[in-house]
Amino acid sequence: MKYWLLKSEPGVFSIDDLSKSKNQTTYWEGVRNYQARNYLREMKIGDKAIFYHNNCASICAAGICEIVKENYPDFTAFDPDDIHYDPKSRKESPTWLMVDVKYLKKFNNPVTLSGMKENKRLQKMRLLQTGNRLSVMPIAKEEFEEIVRMSL
DNA sequence: GCCAACGTTGGC
DNA sequence: GCCAACGTTGGC
């Protein structure tokens, strides 16, 4: 099993939105970066992910979710009316992919970005490296577990 | 709103 | 294939 970190702007879609979704599940749409896309491709059913809130007042690891459907074409890329429309992505050979994720839990104590920066065990995290802009990234099992521990 | 760090685009 | 210009991300 692998572990991941998924970024989402809570103003657009938050951990609460996920918990209130039908079946507490949603499709992870709109990834338009090749490296992030390749990570989506690696995800397997049962993998777990940190749900991270970014671009907001309280940047934090907000909870965890689980991969419940492996990669399939991101259909929002085919829709001219969608904000993530990409005319270069063809139905015959889709450029962009999505997975389905299911809510597992919202942290009682969200783990703030500054909190993670202060934790020596998390210093190697991709998230903390300067200039990192990936919205989907792998995270070590130990780091995942450390963040969960901090949220208790 | 600022701006550093990336990714993408397109002329050559 | 190089690289300047431009667009985007994301913390602050």
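Lettering follows sequence order; numbering is per chain, from 1. Everything numeric in this text was worked out from a predicted model, so none of it was measured.
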Q: Dump the pairs, protein N or O against N or O of nucleotides 9-12 of chain C, anything under 3.5 Å, distances to one decimal.
A:
| from | atom 1 | to | atom 2 | distance (Å) |
| --- | --- | --- | --- | --- |
| C:dT9 | O4' | A:Arg133 | NE | 3.4 |
| C:dG10 | OP1 | A:Lys7 | NZ | 2.8 |
| C:dG10 | OP1 | A:Arg133 | O | 3.0 |
| C:dG10 | OP2 | A:Asn54 | ND2 | 3.4 |
| C:dG11 | OP1 | A:Tyr52 | OH | 3.0 |
| C:dG11 | OP2 | A:Asn55 | N | 3.1 |
| C:dC12 | OP1 | A:Lys117 | NZ | 2.5 |

Q: Can you see whether A:Ser14 engages A:Asp16 through a side-chain donor-acceptor pair at a distance of less than 3.5 angstrom?
A: no
Q: Just jot down the ring pair (Phe, Tyr, Trp, His ring centres under 6.0 Å) partners of A:Phe75, sequence neighbours excluded, or say none.
A: A:Tyr27
Q: Hey, does A:Lys2 have a side-chain heavy atom less than 4.5 Å from the side chain of A:Lys44?
A: no
Q: State, with a plain yes or no, whether a side-chain heavy atom of A:Tyr103 is found less than 4.5 Å away from one of A:Leu18.
A: yes
Q: Send over the distance from A:Gln35 CD to C:dT8 C1', rounded to a whole Å.
A: 15 Å
Q: With a 6.0 Å cut-off (strictly less than), is the heavy-atom count around CZ of A:Arg37, excluding the residue itself, greater than 12?
A: yes
Q: Atom OH of A:Tyr34 and atom C1' of B:dT8: how far apart are they, to the nearest Å?
A: 9 Å
